[in-house]
Amino acid sequence: MADDLAPRPARDATAPTRRRRVAVVGAGPSGLFAAQALLGQEDVPVEVDVFDRLPTPFGLVRYGVAPDHQSIKSVAQALARVFDSPRLRFRGLVQFGEDVTREEFLAAYDAVIYAAGASEDTRMNVPGESLPGSRSAREFVAWYSGHPDATPQDLRGVTSAVAVGVGNVAADVARILTRDPAELERTDMPQSVLDVLAAHTVGDVWVVGRRGPHHASFTTKELRELCSLDGVQITVDAGAFEGIDDADLDRRTRANVDVLAEAAARVVPESRCRLHFLFWRRPVAIEGEDRVHGVVLERTALDDAGRVVGTGETSTLDAQLVLRAIGYRGVPLPGVPFDLERGVIPNREGRVTTEDGDVLPREYVVGWIKRGPLGVIGTNKSDAAETVRLLLDDLAAGGGTSEDRTLLDLDTHLADRGLHPTTYDDWRRIEAAEADRGSGRGRDRTKIEAWSELLDLVALGRPGGPPTPADREA
């Protein structure tokens with residue numbers, strides 16, 4: 001594997017077949033699918049550097065997919081094959097706009113692809129939303145997924161929890177809270193997370209949606225798994241299925257409605273906990289003083305234009321934890337055009353544009369920061385392919401670059417500033433350490449969540465770095 005700390009050898013910039021250099025900013029699924037598409041073609045010779053602010057690749061697959069969904073997390077194994085190419089390097093611990101500016105990336109590469117994802121959650125904008133105990137589902141997911149930036153979650157005293165939203169993120173957090181903690185022991189969750197989940201006393205979880213069950217965006221597989229957990233009694237509020245005509249439903253929606261109806265009709269004797277689906281409701285306030293103790297919900301309906309409106313009828317749920325799962329938003333990258341209303345980088349099928357719609361040469365975008373937080377992980381593959389096709393067309397046509405263009409040596413530039421990005425080899429050491437930690441507990445791996453431990457694993461394993469524990473014992 002060619003991914004080491006040494007800079008690439010100097011190239012003959014006048015050679016007519018000079019490989020074009022492409023930077024991908026973001027090592028999640030969309031960025032790696034883009035790298036895969038670039039390296040899988042032979043029309044335009046390229047080499048790719050993939051950057052991320054974390055020391056590890058895989059983004060959402062590592063830190064956003066529920067740890068009990070190993071079939072989905074196996075996508076990382078397929079994505080990892082892109083690192084086998086000697087024309088690709090991983091560069092972690094590089095913060096866009098801080099460690100490297102937009103201008104420096106454009107000076108060092110023939111093209112730049114932004115794959116930054118959507119790292120901010122949508123707020124409900126209701127009174128009490130900032131009370132302790134009210135937080136985003138994104139924070140909760142980051143915690144149980146072992147993200148090094150995650151805030152520890154305290155479930156002491158929580159007997160009732162509300163997940164606001166009717167998509168897969170809401171399904172994930174509801175499943176983690178209602179699943180038998182013993183079943184989570186075989187996942188790669190950090191031990192500190194497993195200890196909290198093993199001790200929690202949540203007996204009721206509410207999934208709240210402002211529309212009906214036939215409008216929910218759950219994928220059927222996720223919903224069926226959630227509604228099939230051992231020892232969990234499912235309830236659906238009375239009247240939720242009224243007025244639904246099967247003839248108006250597509251295949252997925254009809255399947256979702258059937259799953260909910262069948263689950264609600266099933267009696268679970270001596271249930272461990274209860275999972276309630278509450279449709280046609282929206283939070284209008286969160287109550288509490290020092291922390292959350294309830295959620296005020298308003299019944300909703302559709303007006304003549306098909307918009308959700310409040311009816312004025314309210315009720316209150318007792319709850320000590322509220323997790324909003326109503327959508328993610330992209331955040332601006334320093335210096336890069338941004339559509340604040342949509343939360344995306346403005347673009348034409350992947351070519352970055354100004355706010356006025358003018359295409360900017362050599363800048364491209366993929367994933368959620370391109371199209372908004374829509375689709376599943378696999379959606380990013382076709383999305384990246386669309387962008388890469390345009391990028392390759394531009395490179396083949398000149399694309400604002402020339403054969404004799406002198407590129408900034410970013411490796412030297414970073415080293416001169418005392419910055420030493422992590423490599424794929426560094427990630428493999430982290431991966432090996434997680435496997436070793438897991439083997440001691442009878443698991444495939446246990447995730448390392450602390451920044452200090454991740455950085456120590458990088459520093460200890462590098463040539464010329466401090467001795468490893470094994471070296472000291474020898």
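This chain uses plain numbering: 1 for the first residue, then up along the sequence.
Counting only heavy atoms from C-beta outward, the side chains of D426 and P55 never approach each other to under 4.5 Å. Residues L321 and H200 fail the side-chain proximity criterion, which asks for heavy atoms closer than 4.5 Å. Considering only heavy atoms from C-beta on, I345 comes within 4.5 Å of F338 through its side chain. Side-chain contact between T56 and E434: absent, with no pair of heavy atoms (C-beta onward) separated by less than 4.5 Å. In this structure, the side chains of L54 and W451 come closer than 4.5 Å at one or more pairs of heavy atoms. Inter-residue side-chain proximity for T353 and D358 is flagged as unmet; no heavy-atom pair is nearer than 4.5 Å. Looking only at side-chain heavy atoms (C-beta outward), L38 and V44 stay at 4.5 Å or farther from each other. By the 4.5 Å heavy-atom criterion applied to side chains, H69 and R175 are counted as neighbours.
Taking the six-membered ring for Trp and thresholds of 30 and 60 degrees, F96 and F105 have nearly parallel ring planes, at less than 30 degrees apart. Using cut-offs of 30° and 60° for the angle between ring planes, the Y424 and F83 rings count as parallel. The aromatic rings of F279 and F277 lie parallel to each other, their planes meeting at an angle below 30°, with 60° marking the opposite boundary.
Residue D444 places its CG atom among 12 or fewer non-hydrogen atoms of other residues, nucleotides or ligands, all under 6.0 Å distant. In E42, the CD atom is not crowded: 12 or fewer heavy atoms of neighbouring residues, nucleotides or ligands sit closer than 6.0 Å. Annotation: R81, atom CZ; neighbour count of heavy atoms from other residues, nucleotides and ligands within 6.0 Å does not exceed 12.
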Stepwise side-chain contact (heavy atoms from CB on, under 4.5 Å) check, R91 with D411: CA-CA 10 Å; R91 290 293 178 258; D411 291 322; 4.0 Å; yes
Salt bridge (charged side-chain N to carboxylate O under 4.0 Å, His left out) between R324 and E129, worked out: CA-CA 9 Å; R324 60 181 179 273; E129 187 172 8; 3.5 Å; yes
Derivation of the side-chain contact (heavy atoms from CB on, under 4.5 Å) call for L455 and L93: CA-CA 10 Å; L455 297 179; L93 291 181; 3.6 Å; yes
Pair R437-Q191, side-chain contact (heavy atoms from CB on, under 4.5 Å): steps then yes or no: CA-CA 10 Å; R437 180 174 293 190; Q191 189 60 46; over 6 Å; no
side-chain contact (heavy atoms from CB on, under 4.5 Å) between V65 and I377, worked out: CA-CA 10 Å; V65 173; I377 289 175; 3.6 Å; yes
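Remark: R211 CZ to S217 OG distance equals 11.0 Å, nearest 0.5 Å. Atom CG of L410 is separated from atom CG of D99 by 10.0 Å, given to the nearest 0.5 angstrom. Rounding to the nearest 0.5 Å places CG of L177 at 6.5 Å from CG of L155. A distance of 13.0 Å separates CD in E386 from OH in Y364, rounded to the nearest 0.5 Å. One distance of note links OG1 of T387 with CG of L392; it measures 11.0 Å at 0.5 Å rounding. Between atom CG of residue N256 and atom CZ of residue R224 there is a gap of 8.5 Å, rounded to the nearest 0.5 Å.
Between E349 and R389 there is no salt bridge, since no side-chain nitrogen of the basic residue lies less than 4.0 Å from a carboxylate oxygen of the acidic one. Ionic pairing of R53 and D149 is present here: one or more N-O contacts between side-chain nitrogen and carboxylate oxygen are shorter than 4.0 angstrom. In this structure, R428 pairs ionically with E431, as a charged nitrogen and a carboxylate oxygen lie closer than 4.0 Å.
Of the possible polar contacts, one joining the K370 side chain to the D383 backbone as a donor-acceptor pair under 3.5 Å is found. Looking at S85, its side chain never comes within 3.5 Å of a backbone N or O of V82 through a donor-acceptor pair. A donor-acceptor distance shorter than 3.5 angstrom exists from the side chain of K447 to the backbone of R62, with no hydrogens or angles considered. Judged by distance alone, the side chain of E120 and the main-chain N or O of R329 form no donor-acceptor pair under 3.5 Å. Looking only at distances, no side-chain donor or acceptor of S145 sits under 3.5 Å from a matching main-chain atom of H147. Between the E262 side chain and the V259 main chain, no donor and acceptor come within less than 3.5 Å of each other. A donor-acceptor pair under 3.5 Å is formed between the side chain of R254 and the backbone N or O of D246. Judged purely by atom type and a 3.5 angstrom limit, D121 has no side-chain atom pairing as donor or acceptor with the backbone of R138. In terms of modelled atom types and a separation under 3.5 Å, the side chain of R252 and the main chain of F218 share a donor-acceptor contact. A donor-acceptor pair under 3.5 Å links the side-chain atoms of R348 to the main chain of G357, judged by distance alone.
Donor-acceptor pairing under 3.5 Å is lacking for the side chains of D172 and Y144. R371 and N380 are linked by a side-chain donor-acceptor pair at a separation below 3.5 angstrom, with hydrogens and angles left out of the test. Side chains of T422 and R429: no donor on one and acceptor on the other come within 3.5 Å.
For the pairing with F33, the side chain to side chain contact (heavy atoms under 4.5 Å, CB included) check across T379, L79, V24 returns one residue only, L79.
Every residue meeting the salt bridge (charged side-chain N to carboxylate O under 4.0 Å, His left out) condition with E363, not counting sequence neighbours, appears here in chain and number order: R102.
Listed here is the closest heavy atom pair of L260 and P213: CD1-CB, 3.7 Å. Taking all atoms of both residues into account, the shortest heavy-atom contact from R362 to L106 is NH1-O, 3.0 Å. For the residue pair V173 and A137, the shortest heavy atom distance occurs at CG1-CB, 4.1 Å. Nearest heavy atom pair, residue E104 against residue T101, reads OE1-N, 2.9 Å. Taking each heavy atom of A115 and S30 in turn, the nearest pair found is CB-OG, 3.6 Å. Of all heavy-atom pairs between A34 and V388, the closest is O-CG2, 3.7 Å.
The side-chain hydrogen bond (donor to acceptor under 3.5 Å, both in side chains) pairs that include a residue from residues 176-186 are D68-R179, R179-E183, R179-E225, E185-R443, where partners are two or more places apart or lie in different chains.
Note that R21 lies in the cation-pi zone of Y109, set by a 6.0 Å cut-off to the ring centre and a 45° limit from the axis.
With ring centers used as reference points, Y328 lies under 6.0 Å from W368.
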